[in-house]
Amino acid sequence: MGAGAYRLCGAGRVRGRLHVEVTLARRGPNWECAASPEHRVFFALQPDAEAAARIAGLAEDLRRRHGLKGRPTPAPRLHLSLNFVGTFRGPPTRAVMEKAATLADKVSAAPFRVTLNQVQSWKGDPHPLVLLGDEGVIGVELLHGALHRALAAGTMAPRRQPEFWPHVSLLRDKAEAPRQFVEPVSWMVREFVLLDSVQGEGRHEVLGRWPLLKQA
């Protein structure tokens, strides 16, 4: 290869076909990949555009009313985390992505509606301000359980299912906001996705999508 050659440092998978998630580095004396940030990979739900806009507006309103300084999560990055896959220095390997995708393929669920209707600050430094639900998250809990069983069967999760509190993170702040009910935000869940959250870069990459299909 010539002096301008590149080296492939990572790979990913989209449902039904492989694709390259590339971290490219100019060829150097030792063919080292460029220093990569931390990547957190997890399954999640993404609100539709209307729900995302409402959630973003709610975050801005709460920020003003409670004098919070934290920057709200941008609408395109809003998500509800489901099951964690792992943390990686640089993009996850092809083997990891293949295995996670194969296990997710085994999950079967019908579309459902999620409704979130309250907010509260959780412990942390800074405190996460989160949007939660009550009966409106039962479908989320069922999907999380199905994914956990699939991942545990493939040794990608512990046998014991962890505690799970479905939520959407709105912002982080040193100050706390009181727990309160809000106008419900709802959307139909028709798929779940695998996200790669690149730390320090403020971006999420969708690595795969799994549609929820109506049961016969």
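Predicted model, so just to flag it, every value in this text is computed and none were measured. All values below were derived from every heavy atom in this structure, side-chain atoms included, with hydrogens, water molecules and symmetry-related copies excluded.
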When you group the ILVMFWY residues by side-chain heavy-atom contacts below 4.5 Å and let the links chain together, are [Y] and [X] in the same group?
X	Y	result
W165	V168	no
V193	F84	yes
V137	L132	no
V182	V185	yes
V140	W210	yes

Closest non-hydrogen atom pair, [X] against [Y]:
X	Y	value
L143	A109	CD1-CB, 4.3 Å
S169	L78	O-CD2, 3.8 Å
D196	P92	OD2-CD, 4.0 Å
P37	R89	C-NH1, 3.6 Å
R209	Q46	NH1-OE1, 3.7 Å
V107	A146	CG2-O, 3.9 Å

What orientation do F43 and F192 show, parallel under 30°, tilted 30 to 60°, or perpendicular over 60°?
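Correct class here is perpendicular.
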
For the residue pair H144 and F164, categorise the inter-ring angle as parallel (less than 30°), tilted (30 to 60°) or perpendicular (more than 60°).
parallel

Please round to the nearest 0.5 Å and tell me the distance separating atom [atom1] of [X] and atom [atom2] of [Y].
X	Y	atom1	atom2	value
E183	L116	CD	CG	13.0 Å
R190	L212	CZ	CG	9.5 Å
I55	E50	CD1	CD	11.0 Å
L103	R149	CG	CZ	13.5 Å
L213	E191	CG	CD	11.0 Å

Using the rule given for side-chain contact (heavy atoms from CB on, under 4.5 Å), can you reason through M188 versus D48, listing the C-alpha separation, both sets of side-chain angles and the distance that settles it, and then say yes or no?
CA-CA 8 Å; M188 279 298 297; D48 59 33; 5.9 Å; no

Should H167 and Q120 be marked as a side-chain contact (heavy atoms from CB on, under 4.5 Å) after you check the CA-CA gap, both sets of side-chain angles, and the distance that decides it?
CA-CA 10 Å; H167 66 280; Q120 71 175 107; over 6 Å; no

Answer yes or no: are there more than 12 heavy-atom neighbours, outside [X] itself, under 6.0 Å from its atom [atom1]?
X	atom1	result
R160	CZ	no
W122	CH2	yes
E60	CD	yes

Thinking salt bridges, do D125 and K174 make one under a 4.0 Å N-O criterion?
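Between K174 and D125 there is a salt bridge, with a charged N closer than 4.0 Å to a carboxylate O.
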
Sub-3.5 Å donor-acceptor pair from the side chain of [X] to the main-chain atoms of [Y], do we have one?
X	Y	value
R113	G139	no
H66	D61	no
S121	L129	no
R179	Q118	no

Determine whether R40 and T87 satisfy the following criterion, side-chain contact (heavy atoms from CB on, under 4.5 Å), listing intermediate values before the conclusion.
CA-CA 4 Å; R40 293 174 56 83; T87 300; 3.6 Å; yes

side-chain contact (heavy atoms from CB on, under 4.5 Å) between H39 and V198: does it pass, once the steps are laid out?
CA-CA 5 Å; H39 290 241; V198 187; 3.7 Å; yes

Check whether any side-chain heavy atom of [X] sits under 4.5 Å from a side-chain heavy atom of [Y], and report yes or no.
X	Y	value
N83	M156	no
P162	H148	yes
F112	L142	no

With L170, which of V119, L68, V130 fulfils side-chain contact (heavy atoms from CB on, under 4.5 Å)?
V119

